[in-house]
Amino acid sequence: MAKRTILVVDDDLSIIQAVSFVLKKEGYIVTTAVDGKEALKKAKKELPRLIILDIMLPKINGFEVCKRLKTNAQTRKIRTIMLTARSEEKDKRLGEKLGVNAYITKPFNINKLLSEVKKEL
Amino acid sequence: MKSNLSHSTPRFLMMGVLLLVCIGLEYYFHMVRGISVVYTHLFYIPIVVAALWWGLKGGLSVSLFLGLIHTISDIPGIHVSVLTRALAFVSIGFVIGIVSDRRKQTEKKKERLLQDINERVKELDCFYGFSALVEKADISLEGIFQGMVELLPTAWRYPDITCAKIAFEDKEFKTEGFKTSKWKQSADIKVHGERVGIIEVYYLEEKPKTYEGPFLKQERKLIDSIAERLGRITERRKAEEELRVSEHKYRVLLENLPQKIFYKDRNSVYVSCNENYARDLKIKPDAIVGKTDFEFYPKELAGKYKADDERIVESGKIEEIEEKYIQEGKEMIVQTVKKPIKDEQGNVTGILGIFRDITERKRMEEELRKNEEKYRDLWENVNDLIQSVKPDGTFVYVNRAWRKTLGYSEKEIPYLSLLDIIHPDSHAHCMEIFKRLLAGEKVEYIEAAFLTKDGNTIMVEGSANCHFVDGKPVATRAIFRDISEHKKAEERKVEFLSNVSHALRTPLASIKSFVEILLKYKDVNPTEQSEFLTVINNETDRLTRLINQLLDLDKIEHGKLKWKFMSCDISNIVQNAISELEPLIQEKNIVVNMNLPSQDLIVNGDKDRLNEVFINLIGNAIKFTLNKREIRITVKNKGKVVEVSIADTGIGIPKNELTNIFERFKRLDNSVNRKLTGTGLGLYICKQIIEKHEGKIWAESQKGKGSKFVFVLPKYKSKSAKKRIKPKRGS
């Protein structure tokens with residue numbers, strides 16, 4: 001298990017491209033997924049330290065992915081940062097309830113994302 | 001006594017037999033063997049012993065004496081006749097013996113009888129005392145027990161050394177100086193077969209044993225019989241007490257009812273009545289017995305009452321009679337319920353009547369009715385829901401809008417209750433408001449869920465107050481407005497705004513990220529740099545498109561868009577759209593196959609809007625075409641309509657998504673398509689435009705083989721006919 005591996009999950013490829021670029025620049029190992037199903041598969045297989053997760057994902061939504069990660073002994077300890085265009089309070093509260101470590105709304109500040117990532121790793 | 005006699009008879013017989021045996025032995029030894037009488041008489045010794053033993057001294061001594069005399073007198077010349085004489089003597093002795101024995105026995109018997117009579121007298125005295133006790137006018141059960149316990153010793157053989165105790169339930173009744181001892185006699189007191197107490201009699205000194213320890217047989221009988229009687233008395237007393245209590249209970253109930261109650265026999269003669277009824281007639285309740293209505297009411301009214309009674313006795317059915325009469329100058333309205341009372345065979349034996357003054361109630365109802373009627377016309381034509389509800393929850397009035405919204409007919413209203421039309425979730429809330437209203441409060445704002453007859457829920461808001469007559473609540477009135485649609489629209493609006501926010505934020509996020517990357521990292525290589533700038537550019541386009549579409553959408557949905565309907569050739573519009581998209585087609589290196597009809601196909605349409613539809617659909621087809629990089633556009637003449645189809649060779653659309661994709665912000669749940677993200681509004685807008693043209697649009701697809709979007713538009717008609725095609729207003 002690579003200690004600095006981060007899984008980036010988003011269905012918007014340009015977001016994946018941007019986030020991956022930045023993280024790689026900062027020396028992290030990045031792996032990506034474009035839907036919830038793939039995210040769960042990769043999380044179990046590669047056991048990253050952190051997942052940056054969108055909510056509105058095809059197949060399985062981000063909250064559900066989060067819930068499933070928390071109920072699996074292997075993936076329970078993976079840190080999660082929600083990166084989403086859903087800006088409503090109730091979504092933030094739901095994220096808190098599910099135990100996500102940070103909730104960042106799009107559009108976001110790259111430095112803010114990086115500081116949250118550093119905090120978790 | 002009889003037993004004593006019969007007891008001794010076998011002894012006499014035995015005695016006789018023994019004597020005969022002795023005489024026989026004497027005869028043999030003396031006469032035949034010649035042994036001296038001195039020896040032969042020794043044979044009599046056992047008989048004397050036996051006689052003494054059996055206590056038959058008198059009879060036996062005589063017979064023995066005579067027997068001896070005969071033997072002594074006959075010693076010299078003994079012959080056969082001696083035996084006969086001896087027998088005669090013995091017999092005489094025997095008879096005398098019996099007689100003397102009898103006399104003794106008779107004397108004993110007399111003595112016993114006397115004693116017995118004495119006991120009986122005591123027993124009788126005791127019972128007499130008992131009866132006297134029970135018959136005392138208002139003696140309590142406790143009084144009876146205490147009296148009885150004092151009477152008990154007098155009936156026993158040795159009153160001076162006798163103690164008695166009666167234990168009953170948790171109480172004990174004792175004689176003075178009561179003590180227990182080991183000489184005890186007792187009997188249980190039972191009520192309905194269950195032991196509730198015990199009678200105990202003690203002798204304080206030892207006395208000779210008789211029937212039961214020192215106690216006589218009669219005393220056993222006596223104690224048992226007293227116990228049984230005490231049991232019976234207790235039973236009866238308790239039953240009487242219960243009856244008295246229950247009678248009192250019903251009497252209290254009856255007397256305190258506001259109704260006037262009477263009971264007549266089948267001939268309309270009063271049997272009884274309650275206080276309230278008697279007060280009206282200005283008599284005491286007891287005084288009514290044996291009287292008839294003719295003694296209290298005017299002849300006419302009494303006659304009517306009598307006729308009512310007769311009818312009820314005849315029919316055996318309960319009747320509710322309402323009547324008006326004048327009392328002390330005031331008009332009274334009373335309601336009488338007359339119920340026939342029947343015996344076990346079902347014969348009517350009397351009539352129970354309940355009289356109620358409903359003057360006040362009727363007056364209030366009348367008042368209410370007049371009041372409601374004043375405004376009824378007005379209310380009936382209001383679009384809001386108006387209801388007037390009595391304090392018992394039944395409806396006085398509901399208006400037409402109410403009936404229509406909740407789905408009830410006017411006939412059903414009287415059978416409805418307030419709770420029938422309120423959604424269970426709102427029951428508690430509404431009942432609380434109802435209580436406040438009846439208490440005189442005016443409730444300015446109520447929001448609740450109602451339930452229609454079909455079980456649908458509708459949301460209402462409104463206000464209510466209560467109408468009072470003489471300080472009493474008569475009916476609550478409420479006016480409600482159905483806000484279900486409003487609520488739903490509000491929910492839709494919130495959802496729409498959230499979707500718009502999401503749709504705007506997504507391209508903005510990409511743009512901002514890449515701009516920040518370019519600002520933060522100066523070492524991005526030129527290839528990457530231009531790649532990032534392209535993304536920024538594309539996302540900006542997407543944002544612009546989205547904003548334009550949102551504006552269009554708003555106009556379409558609110559009917560603000562200006563439509564310029566005119567005759568236009570479909571093929572023309574297709575070609576315009578293709579040329580507009582030419583740069584994109586070239587860039588993607590796509591072959592466009594067009595299958596256009598030879599003749600012009602004219603529709604009545606707005607050129608610009610239809611162009612928008614084509615741009616959207618062809619644009620999608622270009623985006624999604626993957627494999628063969630080919631799209632096919634077909635325009636067909638289908639009689640009254642023109643059919644247009646645009647097919648791509650993409651991955652296709654799952655069947656369950658084919659209708660969804662025309663909804664707002666519905667995009668395919670397929671990650672590959674996301675690479676070519678749209679705004680989520682394009683197909684929705686296309687549908688709005690086509691429908692405005694009275695056309696239809698749908699999608700067909702075979703998974704893996706691409707999708708086909710098809711729409712039909714009605715053809716343009718001659719000028720006169722054209723007017724009939726009235727474009728639908730935007731929904």
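Convention: sequence-line order gives letters A, B, ...; per-chain numbering from 1.
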Original post:
Highest number of heavy-atom pairs under 4.5 Å with chain B: which of A/N111, A/L113, A/L83?
Top reply: A/N111

Original post:
Can you tell me how far the CZ atom of A/R86 sits from the OG atom of B/S501, to the nearest 0.5 Å?
Top reply: 10.0 Å

Original post:
Is the number of heavy atoms from other residues, nucleotides or ligands under 6.0 Å of A/K97 NZ greater than 12?
Top reply: no

Original post:
Do B/K520 and A/K25 come within less than 4.5 Å of each other through their side chains, counting heavy atoms only?
Top reply: no

Original post:
Is A/K92 atom NZ crowded by more than 12 heavy atoms from other residues, nucleotides or ligands, each under 6.0 Å away?
Top reply: yes

Subject >> From B/S510 atom OG to A/I16 atom CD1, the distance as rounded to the nearest 0.5 Å >> reply: 10.5 Å

Original post:
Is the NZ atom of A/K70 crowded by more than 12 outside heavy atoms at less than 6.0 Å?
Top reply: yes

Original post:
Taking atom CG of A/D10 and atom OG1 of B/T506, what is their separation to the nearest 0.5 Å?
Top reply: 8.0 Å

Subject >> A/I15 and B/S513, any side-chain heavy atoms less than 4.5 Å apart >> reply: yes

Subject >> Side chain / backbone / both / neither for A/N109 at chain B, heavy atoms under 4.5 Å >> reply: both

Original post:
Can you find a pair of side-chain heavy atoms, one from A/F108 and one from B/K512, that are under 4.5 Å apart?
Top reply: no

**OP:** Measure the shortest side-chain to side-chain distance between B/H502 and A/I55 over non-hydrogen atoms and say whether it is less than 4.5 angstrom.
**Re:** no

Subject >> Choice from B/I511, B/N538, B/D523 maximising heavy atom contacts with chain A below 4.5 Å >> reply: B/D523

**OP:** Taking atom CD of B/E447 as the centre, report whether more than 12 heavy atoms of other residues, nucleotides or ligands fall under 6.0 Å from it.
**Re:** yes

Original post:
What do you reckon, is CZ of B/R505 surrounded by more than 12 foreign heavy atoms closer than 6.0 Å?
Top reply: yes

Original post:
Is the distance between the ring centroids of B/F514 and A/F21 less than 6.0 Å?
Top reply: no

Original post:
Rounded to the nearest 0.5 Å, how far does CD of B/E531 lie from OG of A/S14?
Top reply: 11.0 Å

Original post:
Should we count CG of B/N589 as having more than 12 external heavy atoms under 6.0 Å?
Top reply: no

Original post:
So what's closer than 4.5 Å to chain B heavy atoms on A/Q17: side chain, backbone, both or neither?
Top reply: both

**OP:** Specify which of B/I517, B/L504, B/L508 makes the most heavy-atom pairs with chain A at under 4.5 Å.
**Re:** B/I517

